Every structure is written in C-alpha cells, then in structure tokens.
Asks: 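My structure is below; once you've seen it, I'll send some questions.
What you see is a predicted model; the values in this text were computed from it and never measured.
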Amino acid sequence: MNSQLTGFGMPTLQDTDVSALGALAQTYFDAAYEMDAEKFASIFHPSSSVTKVAEDGTLSVTPIATWLAAVRSAKAPQQQGSQREDQILSIDAESDLALVKVKLRVPPRSFTDLLSCLKVNGSWKIAQKVMTSNA
C-alpha cells in the first residue's frame with residue numbers, strides 16, 4: 001500500500017482505490033463486530049456469494065441473501081463484550097478488480113477471508129467472499 005503522488009500532488013487512481021477498499025474493509029469489520037446484516041449488504045453486490053469448505057469437507061457456496069439471513073440471527077461479538085480483533089492483511093487492486101485479505105475474530109472462531117471486489121458503477125463491492133476459520 002505504498003502511496004505515490006502525481007506531479008501535481010494528487011493521489012493516483014490506485015491510491016484512491018486503496019483508500020476506498022480500506023474503508024470497505026473497515027465497514028466489513030464493523031458489520032462483523034455488530035452482526036449488522038444491513039451494513040454487510042451495503043458492501044456486498046446482491047449477486048455475490050460466500051464460499052467455504054464445509055465441516056464435512058465439501059465445498060459450500062451460499063448466496064449472499066441466505067448468508068445475510070444467518071447473520072441476522074447470529075449473536076454479535078459486541079453484545080457479548082468481546083474485544084475486537086480485525087486486521088487488513090493485504091489489498092491488491094488492478095483497474096476495476098481488487099482482492100482484500102482480512103483476518104477477524106467472531107468468537108469462538110477466527111476467520112481469514114478473501115474478499116474479491118469489483119468496482120461497479122464507480123463503487124467497490126464485494127463480488128465473492130471465500131473464507132476459512134479455526135477455533
């Protein structure tokens with residue numbers, strides 16, 4: 001996330017995108033801590049999905065609407081008095097495509113998520129979430 005400036009002191013397009021993607025990740029962390037489905041919905045594209053390896057070892061792909069319904073019934077770490085543990089591990093952006101790698105804790109599990117993002121109508125949205133977790 002090196003910051004380079006143009007000759008006129010203006011951020012490059014990539015710097016602007018990295019800032020926007022950082023803000024998207026912060027919204028993601030806030031939504032996870034609060035278990036706020038509407039906040040999650042604001043950063044996911046409506047046609048996105050969540051992919052993981054299920055406990056039985058099979059690949060599980062869940063449409064975002066189904067995943068958001070599960071979020072609505074989950075207990076928020078904030079309500080449980082849990083400390084926040086979240087961090088952006090990397091942001092890689094190229095044109096209208098980006099990959100944001102994050103780590104966060106939603107007790108009792110820790111998650112590493114790869115958020116594949118696309119710039120849609122000038123705004124970054126998560127197109128695909130691929131996740132793994134451990135206790």
Side-chain angles (χ1 to χ4, degrees):
M1 293 195 298
N2 290 339
S3 186
Q4 296 182 350
L5 301 177
T6 65
F8 298 103
M10 298 295 293
T12 64
L13 177 61
Q14 185 175 355
D15 289 331
T16 303
D17 288 331
V18 169
S19 290
L21 290 160
L24 178 142
Q26 189 57 55
T27 300
Y28 184 82
F29 294 143
D30 293 345
Y33 188 66
E34 300 161 13
M35 277 299 137
D36 185 332
E38 301 318 309
K39 201 171 277 188
F40 272 128
S42 75
I43 57 174
F44 278 86
H45 190 274
S47 65
S48 63
S49 60
V50 176
T51 302
K52 67 178 183 174
V53 175
E55 292 190 21
D56 66 2
T58 62
L59 186 69
S60 165
V61 180
T62 305
I64 196 63
T66 304
W67 185 79
L68 290 172
V71 167
R72 287 183 182 94
S73 65
K75 276 199 135 179
Q78 182 179 41
Q79 292 175 327
Q80 299 174 41
S82 297
Q83 292 293 322
R84 282 183 73 149
E85 295 177 40
D86 45 51
Q87 94 185 90
I88 298 170
L89 300 176
S90 65
I91 295 175
D92 188 7
E94 177 78 29
S95 185
D96 60 355
L97 169 70
L99 182 63
V100 180
K101 184 178 181 181
V102 297
K103 188 171 198 115
L104 65 155
R105 182 151 177 78
V106 178
R109 304 185 81 67
S110 291
F111 295 87
T112 301
D113 298 343
L114 298 177
L115 307 174
S116 295
C117 303
L118 293 170
K119 191 184 265 187
V120 180
N121 295 322
S123 178
W124 287 102
K125 295 291 181 183
I126 300 169
Q128 178 72 31
K129 169 182 166 167
V130 179
M131 60 181 279
T132 190
S133 67
N134 54 45

Asks: Pick one: which of Leu68, Val61, Ile64 meets side chain to side chain contact (heavy atoms under 4.5 Å, CB included) with Val50?
Replies: Ile64
Asks: Quick check: are there more than 12 heavy atoms from other residues, nucleotides or ligands sitting under 6.0 Å from NZ of Lys101?
Replies: no
Asks: With side chains defined as the heavy atoms from C-beta onward, is the minimum distance between Ser110 and Asn134 less than 4.5 Å?
Replies: yes
Asks: Tell me whether Lys52 at atom NZ has more than 12 heavy atoms from other residues, nucleotides or ligands lying less than 6.0 Å away.
Replies: no
Asks: Is any side-chain heavy atom of Lys129 less than 4.5 Å from a side-chain heavy atom of Ser49?
Replies: no
Asks: Applying the 4.5 Å side-chain criterion to the ILVMFWY set and letting contacts propagate, would Met131 and Leu99 be lumped into a single cluster?
Replies: no
Asks: How far apart are the C-alpha atoms of Asp36 and Asp30, what are their side-chain angles, what is the distance that settles it, and do they pass the side chain to side chain contact (heavy atoms under 4.5 Å, CB included) test?
Replies: CA-CA 8 Å; Asp36 185 332; Asp30 293 345; over 6 Å; no
Asks: Tell me whether Leu104 is reachable from Val130 by hopping between hydrophobic residues (I, L, V, M, F, W, Y) whose side-chain heavy atoms are closer than 4.5 Å.
Replies: no
Asks: Can you spot which of Leu89, Leu114, Leu115 makes a side chain to side chain contact (heavy atoms under 4.5 Å, CB included) with Val102?
Replies: Leu115
Asks: Any donor and acceptor pair, going by atom type alone, linking the side chain of Thr58 with main-chain N or O of Ala54 inside 3.5 Å?
Replies: no
Asks: Assess the residue pair Asp17 and Lys119 against the criterion (salt bridge (Lys or Arg N to Asp or Glu O under 4.0 Å)); give the C-alpha distance rounded to whole Å, side-chain angles, the decisive distance to 0.1 Å, and a yes or no.
Replies: CA-CA 9 Å; Asp17 288 331; Lys119 191 184 265 187; 2.7 Å; yes
Asks: What is the ring orientation for Tyr28 with Phe40, classed by angle as parallel under 30°, tilted 30 to 60°, or perpendicular over 60°?
Replies: perpendicular
Asks: How long is the straight-line distance from NE2 of His45 back to OG of Ser116, given to the nearest 0.5 Å?
Replies: 14.0 Å
Asks: Mind checking the CD1-CG spacing from Ile91 to Leu24? Nearest 0.5 Å is all I need.
Replies: 9.0 Å
Asks: Nearest 0.5 Å, please: how far is CD1 in Ile126 from CD1 in Ile43?
Replies: 4.0 Å
Asks: Working to the nearest 0.5 Å, report the span between CZ of Arg72 and CH2 of Trp67.
Replies: 10.5 Å
Asks: Quick one: NZ on Lys75 to CD on Gln80, what's the gap to the nearest 0.5 Å?
Replies: 5.5 Å
Asks: Just wondering, more than 12 heavy atoms not from Asp56 lying within 6.0 Å of its CG?
Replies: yes
Asks: CD/Gln26 to CD1/Ile88 distance, rounded to the nearest 0.5 angstrom?
Replies: 7.0 Å
Asks: Please answer: with hydrophobic residues joined when any side-chain heavy atoms are less than 4.5 Å apart, are Phe44 and Phe111 in the same cluster?
Replies: yes
Asks: How close do Ala76 and Met35 get, counting heavy atoms only, and between which atoms?
Replies: CA-CG, 3.5 Å
Asks: Taking the hydrophobic residues Ile, Leu, Val, Met, Phe, Trp and Tyr, and joining any pair whose side-chain heavy atoms are under 4.5 Å apart, which ones share a cluster with Leu118?
Replies: Leu97, Val120
Asks: Applying side chain to side chain contact (heavy atoms under 4.5 Å, CB included) to Asp92 and Ser90, what does each step give before you reach the verdict?
Replies: CA-CA 7 Å; Asp92 188 7; Ser90 65; 5.9 Å; no
Asks: Please step through side chain to side chain contact (heavy atoms under 4.5 Å, CB included) for the pair Lys125 and Ser48, ending with a clear verdict.
Replies: CA-CA 9 Å; Lys125 295 291 181 183; Ser48 63; over 6 Å; no
Asks: Does any non-hydrogen side-chain atom of Ser42 lie less than 4.5 Å from one of Thr27?
Replies: yes
Asks: Would Tyr33 and Val106 satisfy side chain to side chain contact (heavy atoms under 4.5 Å, CB included), going step by step from the backbone distance to the final call?
Replies: CA-CA 7 Å; Tyr33 188 66; Val106 178; over 6 Å; no
